[in-house]
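Shown next, in structure tokens, is the structure this report addresses.
As the structure is a computational prediction, the values presented were derived from the model and not from experiment. Order of listing sets the numbers, starting from 1, for every ligand and every atom in it.
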Amino acid sequence: MSAIESVLQERRVFAPSEQTVAGATVSGMDAYKALCAEAERDYEGFWARLARETLTWQKPFTKVLDESKAPFYTWFEDGELNASYNSLDRHVEAGNGERVAIVFEADDGTVTNVTYKDLLARVSRFANALKKRGVKKGDRVVIYMPMSVEGVVAMQACARIGATHSVVFGGFSSKSLNERMVDVGAVALITADEQMRGGKALPLKNIADEALAMGGCEAVHSVIVYKRTGGKVAWHEGRDHWMHEISAAESDTCAPVPVGAEHPLFILYTSGSTGKPKGVQHSTGGYLLWAAQTMKWTFDHKPNDVFWCTADIGWITGHSYIAYGPLTIGATQVVFEGVPTYPNAGRFWDMIAKHKVTVFYTAPTAIRSLIKMAEADAKVHPKSYDLSSLRILGTVGEPINPEAWVWYYENVGGKRCPIVDTWWQTETGGHMITPLPGATPLVPGSCTLPLPGIMAAIVDETGQDVPNGQGGILVVKRPWPSMIRNVWGQPERYKSGYFPEELGGTLYLAGDGSVRDKDTGYFTIMGRIDDVLNVSGHRLGTMEIESALVANPLVAEAAVVGRPDDTTGEAVVAFVVLKATRPQGDEAVKLANDLRAWVGKEIGPIAKPKDIRFGENLPKTRSGKIMRRLLRSLAKGEAITQDVSTLENPAILDQLGESL
Ligand code: PRX
């Protein structure tokens with residue numbers, strides 16, 4: 001709670017400069033309020049207007065929102081469009097084919113510019129190649145690729161032919177990849193030989209081969225490989241194809257397939273409060289509308305902007321603010337292959353200066369780690385770089401602490417760039433609560449106010465509104481176009497997880513706790529209220545890590561909790577009971593390292609516990625429920641003040657309190 005308390009005490013207000021307000025798309029608070037009022041007055045009319053202005057429809061919609069099958073809402077249902085046409089063709093048709101779509105900077109610093117015309121040709125060729133391999137509308141294609149132009153081409157090519165893509169982050173293990181391919185029913189997999197990160201080549205194709213060999217995904221008839229490094233890979237004749245070879249054989253025109261607005265553009269897996277990740281299903285029309293609209297509003301996009309979102313295409317941020325949002329509005333964006341610390345911790349600042357980036361969007365965790373390195377070494381301090389091109393900064397993925405906010409504002413933004421602290425989720429498709437750079441006075445640590453049309457509120461456990469100043473559960477009261485449509489193959493999980501009966505069955509439950517400021521009504525996010533951790537802006541289910549640990553033959557029982565961490569926001573702490581006796585000393589250290597590696601193999605390196613504690617047992621209630629609150633206190637190293645009289649063996653608290 002300490003971060004929240006400091007935000008609540010935060011009284012500094014940073015109003016946008018007159019110049020920023022004057023040139024902005026949403027110029028001043030009155031303009032913001034007018035848009036909110038328009039949505040209040042005529043909700044469907046408001047969204048219909050935006051959908052007509054922002055997207056090009058092959059067949060115009062006549063229906064806007066259909067609530068008859070709530071909570072399975074539909075938007076613009078009888079309209080037809082194609083996401084790739086909206087991202088590429090229409091800009092070329094408008095005479096902007098020579099505009100740079102992507103400035104790609106490789107790990108080693110090599111820069112490649114790709115124009116809208118080039119990108120359209122590459123996407124078309126690859127879409128034709130997919131079609132030739134039998135991929136058709138409605139098929140699911142899994143993408144397991146590095147940050148690359150080819151990754152964007154793969155996503156756009158699927159969209160072009162109406163195939164639904166499911167991108168799996170390149171840091172996930174073969175087991176995670178296998179589970180996702182099986183669950184989504186993939187017919188094809190697009191991957192790369194290797195990925196380059198921080199000067200090191202890391203395998204992808206070999207991991208993909210392992211995932212395919214695990215079984216359950218026999219429907220995958222084609223594996224298409226982008227040659228990134230030329231490293232050695234195994235090859236399955238007939239099944240495997242090089243992306244460049246099959247693309248070169250094709251024509252550079254491919255008619256975009258119009259799909260219904262509700263057609264699933266993609267499925268993206270995210271962690272929830274059970275052991276298995278859920279496939280968040282997004283639509284085409286509503287999703288694309290919001291990805292594009294928020295580019296215009298939140299990032300105040302202007303024709304001369306150079307936009308840079310540092311997220312990976314494996315996460316929702318990379319979908320909405322790399323693969324779709326910027327392209328749909330015809331922006332020029334930087335796409336970066338590497339890591340912020342290679343060749344040194346000045347890499348982001350160097351790239352901003354080099355590419356004259358105007359709008360920069362990154363995660364608090366990256367900022368926090370770069371602060372440490374910049375303060376230790378002037379050479380990699382943002383002040384050593386010319387960052388005068390910047391005009392707007394953004395953050396996403398986790399709460400930003402006021403200290404990091406102010407550092408970012410002063411040292412990166414030179415006290416002139418508004419920071420948009422954007423609260424949203426995989427499920428929301430795009431920004432939900434965020435400042436508008438030319439309107440909203442900023443308070444460090446607060447994501448401020450909902451975007452026009454987004455009916456966010458805070459309620460208690462029964463779904464009743466709570467007054468400002470009182471913490472509660474963050475909900476959205478009305479459906480919005482880019483919202484999750486379903487949990488792939490699990491409609492019941494969608495219904496009960498996001499529209500729980502306890503809250504009345506109609507409120508969208510975000511899973512976050514929040515509080516609104518008494519005076520301004522500004523929202524501050526207090527973190528997850530379910531068993532989901534946020535490590536470096538990545539969502540991890542505690543149950544998922546527990547399942548991975550107990551899958552190890554040595555482990556009898558495991559419980560995982562989060563602990564606040566200065567850099568990563570939260571850190572994973574695992575309490576483990578082994579089948580054999582409790583290890584001590586060097587043996588315990590070795591076993592902890594083995595278990596860490598095991599979790600890395602089972603899920604991916606991001607899920608590795610930072611801290612592992614061994615006990616003879618876990619603290620449980622009489623009914624056998626693990627006392628997680630107690631474990632959270634132990635993880636933080638706090639003194640136990642709770643009543644522990646019901647514990648069978650209070651001595652285990654001493655064991656579990658011991659760090660290795
Ligand atoms: O807890 C909130 C946190 O990240 C969660 C969503 O995670 P994910 O679906 O992986 O999407 C991350 C990128 C959109 C939320 O439930 N979160 C996201 N943005 C913020 C945030 N917490 C505080 N402030 C934010 N700006």
Side-chain angles (χ1 to χ4, degrees), residues 3-4 7 167 169 171-172 266-273 277-282 287 290-291 294 298 309-322 324-325 361-368 393-402 404-405 408 419-435 440 442-451 454 456 473-476 482-484 487 497-498 508-515 522-542 544 562 564 568-570 606-607:
I4 306 304
V7 173
V167 185
F169 172 59
F172 276 121
F266 65 88
I267 295 157
L268 182 60
Y269 284 82
T270 190
S271 297
S273 46
K278 47 195 172 186
V280 172
Q281 179 184 325
H282 275 289
Y287 169 79
W290 204 224
T294 48
T298 313
C309 164
T310 69
D312 192 285
I313 52 166
W315 310 113
I316 189 67
T317 309
H319 281 61
S320 303
Y321 301 106
I322 295 176
Y324 291 108
Y361 191 35
T362 196
T365 207
I367 299 167
R368 285 193 296 264
L393 300 174
T395 70
V396 57
E398 42 176 330
I400 180 161
N401 46 310
W405 192 103
Y408 192 34
I419 299 179
V420 289
D421 175 354
T422 60
W423 176 85
W424 58 296
Q425 311 177 290
T426 305
E427 292 88 342
T428 71
H431 304 153
M432 299 292 281
I433 309 180
T434 175
T440 321
L442 306 169
V443 173
S446 166
C447 54
T448 73
L449 297 168
L451 283 170
I454 301 300
I473 300 166
L474 180 58
V475 296
V476 185
S482 66
M483 68 191 291
I484 175 176
V487 174
Y498 295 109
Y508 168 81
L509 173 70
D512 280 322
S514 183
V515 61
Y522 278 15
F523 286 75
T524 292
I525 305 297
M526 294 151 59
R528 302 287 307 190
I529 52 170
D530 51 12
D531 293 325
V532 173
L533 305 182
N534 190 329
V535 179
S536 300
H538 301 317
R539 253 163 87 167
L540 294 168
T542 52
E544 222 176 308
T568 59
E570 273 188 294
I606 46 169

Report task. Output yes when the distance from some N or O of ligand 1 to some N or O of Q425 is under 3.5 Å, and no in every other case. Result -> yes

Query - Shortest non-hydrogen separation from P450 to A456 and the atoms involved - result: CG-CB, 3.9 Å

Query raised in the report: For T395, is at least one N or O under 3.5 Å away from an N or O on ligand 1?
Result: no

Query raised in the report: Side chains of Y361 and T422: do they bring a donor and an acceptor to under 3.5 Å?
Result: yes

**Report entry** Trace of the side chain to side chain contact (heavy atoms under 4.5 Å, CB included) decision for I525 with L474
**Finding:** CA-CA 8 Å; I525 305 297; L474 180 58; 3.8 Å; yes

Report summary line: The closest protein heavy-atom partner of atom 23 (C) of ligand 1 is P399 N, 3.1 Å

Report task. Please identify which atoms of ligand 1 are closer than 4.0 Å to at least one heavy atom of T426. Result -> 8 (P), 9 (O), 10 (O), 11 (O)

Report summary line: Distance col, row Y508:OH vs E427:CD, nearest 0.5 angstrom, shows 4.0 Å

Query raised in the report: With backbone taken as N, CA, C and O and side chain as the heavy atoms from C-beta onward, which portion of C447 lies under 4.0 Å from ligand 1: side chain, backbone, both, or neither?
Result: neither

Query raised in the report: Considering only heavy atoms of I525, which atoms of ligand 1 have at least one such atom less than 4.0 Å away?
Result: 22 (N), 23 (C)

Query raised in the report: For the ring pair F172 and Y269, is the centre-to-centre distance below 6.0 Å?
Result: no

Query raised in the report: Counting both backbone and side chain atoms, is some N or O of T317 under 3.5 Å from an N or O of ligand 1?
Result: no

Report task. Heavy-atom contacts with D421 under 4.0 Å: which atoms of ligand 1 show up? List them by number with element. Result -> 24 (N), 25 (C), 26 (N)

Query raised in the report: Which option out of G397, G511, A363 puts a heavy atom nearest to atom 12 (C) of ligand 1?
Result: G397

Query raised in the report: Looking just at side-chain N and O atoms, do T294 and Y321 make a donor-acceptor pair shorter than 3.5 Å?
Result: yes

Query raised in the report: Looking at atom 25 (C) of ligand 1, what's its closest protein heavy atom, distance included?
Result: E398 O, 3.5 Å

Query raised in the report: Using a heavy-atom cut-off of under 4.0 Å, does the side chain or the backbone of H538 touch ligand 1, or both, or neither?
Result: neither

Query - Residue N534 vicinity, atoms of ligand 1 by number, heavy atom under 4.0 Å - result: 3 (C), 4 (O)

Query - S514 side chain to F523 backbone, donor-acceptor under 3.5 Å - result: no

Query - Nearest protein heavy atom with distance in Å, relative to atom 10 (O) of ligand 1 - result: R539 CD, 3.3 Å

Report task. Compare every heavy atom of W290 with every heavy atom of T428, then report the nearest pair and how far apart it is. Result -> O-CD1, 4.4 Å

Query raised in the report: Which atoms from ligand 1 have a heavy atom of V396 less than 4.0 Å away?
Result: 13 (C), 14 (C)

Query raised in the report: Which option, L533, T434, D512, owns the non-hydrogen atom nearest atom 15 (C) of ligand 1?
Result: D512

Query raised in the report: Under 6.0 Å between the ring centres of H282 and Y324?
Result: no

**Report entry** Lys/Arg N to Asp/Glu carboxylate O, E570 vs R528, below 4.0 Å
**Finding:** no

Query raised in the report: Taking only heavy atoms of W424, which atoms of ligand 1 are found under 4.0 Å from at least one of them?
Result: 6 (C), 14 (C), 15 (C), 18 (C), 19 (N)

